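Lettering of chains follows the sequences in order, A, B, ..., and the numbering in each one begins at 1. In this text the structure is predicted, and so the values were computed from the model without any measurement.
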Amino acid sequence: MTDGNGNGAGGVAVKLARKDFQSDQEVRWCPGCGDYGILTAIQLLLPETGVLPENLVFVSGIGCAARLPYYMNTYGVHSIHGRAPAVATGVALARPDLDVWVIGGDGDMLSIGGNHLIHALRRNVNLKILMFNNQIYGLTKGQYSPTSEVGKITKSTPFGSLDHPFNPVSIALGAEASFVARTHDMDRKHMTEMFRRAHEHQGAAFVEVYQNCNVFNDGAFDAILNKDARPDMLIDLKHGQPVRFGTDGQLGVTMNEFGEAKIVEVADVGEDKLVVHDETRADPSLAFSLSRLADHPDTPTPVGVFRAIDRPAYGASMQQQLVAAVERSGPGDLGALLRSAPTWTVE
Amino acid sequence: MTDGNGNGAGGVAVKLARKDFQSDQEVRWCPGCGDYGILTAIQLLLPETGVLPENLVFVSGIGCAARLPYYMNTYGVHSIHGRAPAVATGVALARPDLDVWVIGGDGDMLSIGGNHLIHALRRNVNLKILMFNNQIYGLTKGQYSPTSEVGKITKSTPFGSLDHPFNPVSIALGAEASFVARTHDMDRKHMTEMFRRAHEHQGAAFVEVYQNCNVFNDGAFDAILNKDARPDMLIDLKHGQPVRFGTDGQLGVTMNEFGEAKIVEVADVGEDKLVVHDETRADPSLAFSLSRLADHPDTPTPVGVFRAIDRPAYGASMQQQLVAAVERSGPGDLGALLRSAPTWTVE
Amino acid sequence: MTVEATSARRAETLPQVVIRFAGDSGDGMQLVGDRFTELSAMFGNDLATLPDFPAEIRAPAGTIAGVSAFQVHISDHDIVTPGDTPNVLVAMNPAALKANLRDLASGSTLLINVDTFEQRNLDKAGYAQNPLHDGSLAAYRVYEVPMTSITVEATKPLGVKPRDAERSKNFFALGLICWMYTRPTDPLVDWIKKRFASRPEVFEANVAAFRAGYNFGETAELFDHAFQIKPAPLSPGEYRQITGNVALSYGLVAAAQAAKLPLFYASYPITPASDILHELSKLKNFGVKTLQAEDEISAAGIAIGAAFAGNLAITGTSGPGVDLKSEALGLAVSLELPMIVVDVQRGGPSTGLPTKTEQADLLLAMYGRHGEAPMPIVAASSPSDCFAAAFEAARIAIKYRTPVMLLTDGYLANGAEPWVLPDVDALPDISVPFATEPNHGDEFWPYLRDPETLARPWAIPGTPGLMHRVGGIEKEDGTGNISYDPDNHDRMTRLRAAKVAGIANDIPLVDVDDPDRAEFLVLSWGGTWGATTEATRRIRARGKNIAHAHLRHLNPFPRDLGEVLHRYAKVLVPELNLGQLSKLVRAEFLVDAQSFTRVAGVPFHAAEIENKILEMMQS
Amino acid sequence: MTVEATSARRAETLPQVVIRFAGDSGDGMQLVGDRFTELSAMFGNDLATLPDFPAEIRAPAGTIAGVSAFQVHISDHDIVTPGDTPNVLVAMNPAALKANLRDLASGSTLLINVDTFEQRNLDKAGYAQNPLHDGSLAAYRVYEVPMTSITVEATKPLGVKPRDAERSKNFFALGLICWMYTRPTDPLVDWIKKRFASRPEVFEANVAAFRAGYNFGETAELFDHAFQIKPAPLSPGEYRQITGNVALSYGLVAAAQAAKLPLFYASYPITPASDILHELSKLKNFGVKTLQAEDEISAAGIAIGAAFAGNLAITGTSGPGVDLKSEALGLAVSLELPMIVVDVQRGGPSTGLPTKTEQADLLLAMYGRHGEAPMPIVAASSPSDCFAAAFEAARIAIKYRTPVMLLTDGYLANGAEPWVLPDVDALPDISVPFATEPNHGDEFWPYLRDPETLARPWAIPGTPGLMHRVGGIEKEDGTGNISYDPDNHDRMTRLRAAKVAGIANDIPLVDVDDPDRAEFLVLSWGGTWGATTEATRRIRARGKNIAHAHLRHLNPFPRDLGEVLHRYAKVLVPELNLGQLSKLVRAEFLVDAQSFTRVAGVPFHAAEIENKILEMMQS
Ligand SMILES: Cc1ncc(C[n+]2csc(CCOP(=O)(O)OP(=O)(O)O)c2C)c(N)n1
Ligand SMILES: Cc1ncc(C[n+]2csc(CCOP(=O)(O)OP(=O)(O)O)c2C)c(N)n1
Ligand code: SF4
Ligand code: SF4
Ligand SMILES: [Mg+2]
Ligand SMILES: [Mg+2]
């Protein structure tokens, strides 16, 4: 049994369009919010996947990002802050036939929900987890988040925050994630591609989406995402290809003797010294070193798929155990179960 | 202000002994439990550090490991399951003069307490965190834990567990830990050394201690810790030295082009191809790749300090902000504070 | 060998006996207790048991903290409690004696493994003098038996090393007790054989020890005669012995079958609830899914997700876990999805007494969520009743699309009693149809309620055309869309309350046991059923009138409860807390219910309730 | 320019007026509401305010969901509520009109920004027809004012682009209202100057808009005359305006000083409690430590750690956060450490109505922890009273070494009123000594209680010789060592309860406001104080007798509460929940307290309570 491709029963391919995935609820984010573009990318992707709206479940926690399920004409649960990965795990394991997505912000998933996230990743539950990282708490009006840079001045840190931020890709890799990618709200094509890859992955797929909160943290990613900055600031990871970027591909990434990824001028080292990206390495070290290139999105930052390996998805394994048990012991017989301890009869 | 060395006020060096750190409570672990040895190592180390018992606080959650504070003649809080890093954060930030240790099991710290752990690490709160990893739930009598290997048969998984385990060193590194080490309950000297290093570190120090639960998971580490296995199975990381092991130092670790640590015969590659360990790399990639050498403790497994870098400890930074605020605005004046909005007087 | 026949002296007949086996955690007391119970069950006695585990940590051998005990009450008549005070205490070491002696009435019998009464063990138990010699046991009938040494002797011919042989001494004790109470021995020998099939030397040693114990009774001059307790006239049926946790697990499985739903149990291990997880984890061929979550919050979230997806979703835990689930349960209340939360109550607050029993989570179950978040509450009354209680919780959850709190406790969970097996084919159908069609023109309104039950439709993912979103923000009545309208919130708050309150119409009236039109009613709930029942029997045996009502449903109450309570001049509510049910009935019915409480981590003794009743009858 | 003087027409004097400013979230209604309030406060009126934020998400401009409102009640006499229904509604767009109209009585005044009443906006608000033209506003005095266009005109000379100019229209509205109610204008202009010091073009535009609004009132023929509301005869003292969240923050700082303890506030952001975190984060020069934790459980844990280490530790949140903290609070109860949990209640269950007010966490505060885990509960009654309530919570926490629940609500948190500044030098000393010496021979027993308060010693790390361990497992009375002894557990459970119950001896008796020896008492708690007070005033104004008692302490109750309640033939308990306090007093005192409830996310109107009282007087 394969975990949730969600193509449903009929088998008859129905051609669906974006509007089939749009609910009748008015989209309520601030004008200019990056969430709009992400929603669009999802709604554009889904018709291409062949999945039927009724076989999709979007689960979220609380936050601006977490409102997304309301806008999807699918099944959805807008749960409580931080718990979306848990609720979604329940959906996905109860019904491995479904296609389950988890949506949340950086606070929802890495602050209060950090534990559920890392456990969903290590378990490899078949979930497509999209974390909208705006490096701020949007919904509660602007406190710093676990991805905010040190020294961040916010309502709760008027003298600057002290906490060293998480690098979401690093922590996901540290948590044994089988699929990790990063994209951003300024590039619909890239987003769609990443979401497609996540969707195709069997198991837990974690996608960090850099998202602009134009109200409380405007321009957080400008240094890397401004149109003219991008060529020199975005490192587009491509499987099987040397890691290379820059307007004319003049920059690249090599591995030093400590296993650290370093940015170099290609001309200085020669193209064959560049790291050739391989998403499928069993060892997550390559993906991890790449994730360390940018401590904070103001130096050249990799986007794309860091890691995509095969590992049994939890739901499928669980299902197998049930099937194997029936094969071994026959389908459960309640009467026999009650008699599994010695019995005696009183006449 | 330095964070908690705990040497206390007087300044007069008192020579303390092991017994000064032993409480009057009977130690209650199963005979043969690895926890005994760890307790001893701690109690042997402390007199050497010069810290006074009254300046020490041991905080724990719930579990067999978490009973340790009762046996220490120091201040202690045996809190609730998973929350020790939070409680300890409160102690350490309220009182940066104290020397605060956190003790817990793999379930306590990585299952229910995973989120508090990773946040304490990224914040770099001045805590010495010792996680006794026996790859099982001891206190609740033998369920699998987040560090148990896949397929583990336990009370809660009679047909084998499905979850891919965490590698505690990897997750700590992914969570931006500034100090990460690993040791084991069979080598008191090594333990003591690791605890000493943790104690000297300013900030959050995470030490994974492989610990045998001889009742519910006996021999989990035999493959690497049996006396005769050790030379070939333990990779003793030493700062500034090539990573080398084996009875005659015949084995070593190199870095491949993907930044992956690989075990080699030194004779095959030559000593100068070996990785030279450097705890102090700003980039945690080296430490991370080393942590991946052993997915599970049945292949050669590194022990020692993986990473030890300088980063401001949270308590010290917090204190600095308070001091700076007083310097900037003078000590707080309550009367003036109440008048910080316009006032008027009714006669 | 069928040993009864060999007994020379005539056995004296007793109506009942309460035996407590006590020893070190490593001494195997639970095992022999279980065996004795099983033998007695098969023999036809009525019975009830009370295991008493040492606290969660393993204490050093020989210390008070390490004492493990197992009490069993067997009788020739219907009984409902494991007995107030043991008639016989088997004490394998000084600590076991010290820890248990205070529970014994004078005149009781002590069977003491005298081999262990040496200085080291006396010290560990905190005895300044050897109690066997200082006269402090004068009030008891003390039998000093060198259990260890006879066991070692008896197994020597088998080539067993003394160290190993010692480990069989619990079977010696069991053999002795079996002789004393003329139990059949063949089944026991068979059991040992099966259990230790793969280790024949252990099997042989244990059998040898068991026989040595039996023969010791037979031959030693210590005992006048054996006793016998005749089978009890139990109602006809096929019986087995069952503990509360197993009964509860089976009840869930039965409910899932009766509801035609897959069962999904998500939990995080915690004493004394873990065994439910262990039990259900074995039942994969029943299609039962179990998941050991990373914590209790996750387990609750997983259950919510599974319920949304159309499973019968359960999350089980004990008090600390219920605390943690509070927020998720509020969500479940708001989502109006069927789900069961099992709370196997233990001693609190905080970590408290994790292996002991208590009933102090009732008000948490009622009120432990922010906002107005009502949940039905069902409680089990005896170990075997956990089956029916679980079934009833599921029925309510499914029919009313609501999370239900199912309360048991440490005593019920681990206690055992005989149970007439229910006819599994006669279990009522508790299934409800999933929604399959639009219910409002061609729209689907997820909060359009059934006018009778007020339940909302359960439309599960995969159903074409019924796609909808649910969430914890207040929803518009009917459509389920987010609504911040003040009046709608007031209406929805009252609707949620009315739905739960309305369940009162769907549960039985109070079943009052009042043969004599008494003026005094005792009202019990949960695990105090047994002690209360026994207490009222004793009161009646004294020729006094007393009424007893027991509540299975704590929220809502049976609809005639107020009326029933007001019928009595005196109402007493015995509880293992500081008066939680009494608070509820006082508030609801303004009845001057008197609270009788004990919070000691142990079930009530029937005598405590009996005395309290007598005292109140006086005044 | 001091504009009052220029008014040609004579102003009519009113005793009071209730004005509601309503517009789109982006329209700056909270800002002008605040400004008007401040002007009125400085002018000497008594006042109370009620902001009404849109729900947590930012809704599209022009929609009902995006409407933000601010109500202010100003008067020439002592007032206690923000007013039941506005006399004047300023509606900046159709949605604002639609969302607020239902709260208005006929005859009220509507000031409408007519520029926004075009098709697009009417559609967004869901108006099929333009209400200005379809006669639906016939019952009101409608003033159609082209606020946007006049603002644009007025700022044109400054070279402001129309798009930018529009943003000043709220100041136009404010100017108009200031004219209508003859407010002093200089302070406002000063304020604008200060606020926009760094952006002179904004400053100038806003001042121009403000003046244009003022002059519009003065010159347009629309208005007969302006009104004036004389200063109120407030008791003498130095006043400021304060919201509940700020008052609470200051109360904590004051308590820390009075207790000579450093203040540590650990919290996770949540509406409507976040502002306490924001406020305290600014006060680093007071030595106040704040920490934004990763979640509410962590915040509670951090507070426990800080308390153990000797700080005055606080953790603040709202309902969902209290749920999550339950387990940690049980630990705090067991550890017997001083600590305050602030619950700024909001609409539940679950996410509920996160920006609205409610009082439905009282029973959660009482019972929301497994086991018997009693916590004192203190509640604030008005925005400024949050200062005193916080101080009192700290006093109890410190003196009795117990976690204390401090309840406020969304209305108190964001509402504002004038406050007489307390004399900070006269604050009572609430410090307690830390333990410094052994207390039992040469041993230190951490659970040896003060015989009077039953508090245990607070020995903080760093104190030589007093090293000790505390934990959540049951402790032996006195020594604090782990104890599984049954009787000890019973004793400790009762001791913990007795300690909290004993606080009744240390709090004031019920303060009953009963000038006429009435037979009917209204019992209120928390934020319903204002509406209840106003309702009883109105009842008395009708010549009827009514008594009113308000509870600051919900656990324990004042020790004479039962007696007080039994003195009255009728007792009414109005609450913004389904009757939580009424349950508590009924259970405790068997008094037939009637519950009057509304759960609509908004404070009671005094009229609702008034009518309920009248109705009950009838029957
Ligand atoms: C238990 C709980 N705690 C706190 C909150 C308040 N809260 C809602 S969303 C949020 C964080 C929002 O930040 P993020 O997850 O990054 O989402 P964003 O709004 O930035 O998309 C918080 C703290 C809550 N709803 N529930
Ligand atoms: C909230 C809560 N959930 C569950 C438990 C039960 N519990 C106690 S310790 C423990 C896990 C023990 O495993 P670990 O942390 O690895 O410690 P060990 O006993 O192996 O040293 C569990 C599940 C609890 N005490 N509290
Ligand atoms: S607050 Fe920020 S994240 Fe939230 S909707 Fe507005 S722009 Fe988007
Ligand atoms: S159960 Fe295991 S970990 Fe716990 S004390 Fe015993 S041996 Fe040690
Ligand atoms: Mg965010
Ligand atoms: Mg463990």
Side-chain angles (χ1 to χ4, degrees), chain A residues 8-9 23 25 52-60 62 69-70 72-95 97-98 115-116 118-119 318 321-322 324-326 328-332 334-335 337-347, chain C residues 38 41-42 44 234-242 250 253-254 257 262 264 266 283-289 291 293-295 297-311 313 327-328 330-331 335 421-422 424 461-473 481-482:
Chain A
S23 79
Q25 298 294 298
L52 299 173
E54 63 262 30
N55 292 330
L56 277 161
V57 184
F58 278 78
V59 180
S60 65
I62 301 285
Y70 286 116
M72 299 298 302
N73 183 31
T74 64
Y75 287 88
V77 183
H78 179 231
S79 73
I80 44 179
H81 198 32
R83 316 303 169 187
V87 174
T89 294
V91 176
L93 299 185
R95 295 281 304 282
D97 58 311
L98 299 172
N115 207 33
H116 308 305
I118 60 180
H119 282 271
M318 194 179 219
Q321 285 195 328
L322 300 191
V326 172
R328 198 173 37 242
S329 327
L334 183 57
L337 177 64
L338 301 188
R339 288 166 184 80
S340 57
T343 63
W344 67 95
T345 302
V346 175
E347 305 292 321
Chain C
E38 181 112 351
M42 308 290 294
L234 295 173
S235 20
E238 189 180 0
Y239 281 78
R240 65 166 280 177
Q241 223 207 113
I242 198 156
Y250 292 176
V253 174
Q257 293 204 348
F264 197 130
L283 306 182
K284 301 225 183 299
N285 63 326
F286 285 79
V288 174
K289 291 179 179 174
L291 184 78
E294 62 272 22
D295 65 15
I297 301 180
S298 173
I302 289 169
I304 290 173
F308 182 74
N311 280 10
E327 194 203 6
L331 176 66
L335 299 187
L421 300 185
V424 297
T463 316
L466 303 195
M467 287 81 72
H468 66 281
R469 279 67 51 197
V470 293
I473 299 181
N481 292 332
I482 289 181

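Chosen from Pro53(A), Ser60(A), Pro342(A), the residue pairing most often with chain C at heavy-atom distances under 4.5 Å is Pro342(A). For the set Gln241(C), Met42(C), Glu294(C), the count of heavy-atom pairs under 4.5 angstrom toward chain A peaks at Glu294(C). Contact count against chain A (heavy-atom pairs under 4.5 Å) is highest for Leu291(C) among Leu291(C), Val288(C), Ile304(C). Taking chain C as the reference chain and counting heavy-atom pairs below 4.5 Å, the highest number among Val326(A), Ile80(A), Asn115(A), Thr345(A) is found for Ile80(A). Among the candidates Glu38(C), Glu238(C), Glu327(C), the residue making the largest number of heavy-atom pairs closer than 4.5 Å to chain A is Glu238(C). With chain C as the partner, the residue from Gly76(A), Ser340(A), Gly82(A) showing the most heavy-atom pairs under 4.5 Å is Gly76(A). Comparing Ser298(C), Gly310(C), Ser235(C), Gly465(C) by how many heavy-atom pairs each has under 4.5 Å with chain A, the most go to Ser298(C). The residue among Gly44(C), Ala303(C), Ala254(C) with the most heavy atom pairs within less than 4.5 Å of chain A is Ala254(C). Counting heavy-atom pairs closer than 4.5 Å to chain A, the top residue among Gly287(C), Ala313(C), Ala309(C) is Ala309(C).
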Could you pull out every donor-acceptor pair under 3.5 Å between side chains of residues 84-94 of chain A and any protein atom, sequence neighbours left out?
residue	atom	partner	partner atom	Å
Thr89(A)	OG1	Pro85(A)	O	2.6

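Looking at Ala300(C), there are no atoms closer than 4.5 Å to chain A (heavy atoms on both sides), in backbone or side chain. Interface remark: Pro262(C) contributes no atoms to any contact with chain A (heavy atom separation under 4.5 Å). Both the backbone and the side chain of Ala41(C) come within less than 4.5 Å of a heavy atom in chain A.
Of all heavy-atom pairs spanning Ala325(A) and Lys284(C), the tightest one is CB-CB, 3.5 Å. Between His116(A) and Asp295(C), the shortest heavy-atom contact is CE1-OD1, 3.6 Å.
Counting heavy atoms from C-beta outward, Pro236(C) and Glu347(A) have side chains that stay 4.5 Å or more apart. Leu334(A) places a side-chain heavy atom less than 4.5 Å from the side chain of Gln257(C). Looking only at side-chain heavy atoms (C-beta outward), Phe308(C) and Val59(A) stay at 4.5 Å or farther from each other. Inter-residue side-chain proximity for Val77(A) and Arg469(C) is flagged as unmet; no heavy-atom pair is nearer than 4.5 Å. Proximity of Thr74(A) to Pro461(C): side-chain heavy atoms (C-beta onward) are nowhere separated by under 4.5 Å. Looking only at side-chain heavy atoms (C-beta outward), Arg339(A) and Leu421(C) come within less than 4.5 Å of each other. Counting heavy atoms from C-beta outward, Ser79(A) and Leu331(C) have side chains that approach closer than 4.5 Å.
The aromatic rings of Tyr239(C) and Trp344(A) sit parallel, their planes meeting at an angle under 30°, below the 60° perpendicular limit.
Expressed to the nearest 0.5 Å, how far CZ of Arg95(A) lies from CG of Asn311(C) amounts to 8.0 Å. A distance of 10.0 Å separates CG in Leu283(C) from OG in Ser329(A), rounded to the nearest 0.5 Å. If you take CD on Gln321(A) and CG on Asn285(C), they are separated by 12.5 Å, rounding to the nearest 0.5 Å.
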Apply the test side-chain contact (heavy atoms from CB on, under 4.5 Å) to residues Tyr75(A) and Leu466(C): give CA-CA distance (whole Å), side-chain angles for both, the deciding distance (0.1 Å), then the verdict. CA-CA 8 Å; Tyr75(A) 287 88; Leu466(C) 303 195; 3.4 Å; yes
How far apart are the C-alpha atoms of Lys289(C) and Leu322(A), what are their side-chain angles, what is the distance that settles it, and do they pass the side-chain contact (heavy atoms from CB on, under 4.5 Å) test? CA-CA 8 Å; Lys289(C) 291 179 179 174; Leu322(A) 300 191; 3.7 Å; yes
Mind running side-chain contact (heavy atoms from CB on, under 4.5 Å) on Arg83(A) and Ile297(C) for me, showing each step along the way? CA-CA 8 Å; Arg83(A) 316 303 169 187; Ile297(C) 301 180; 3.4 Å; yes
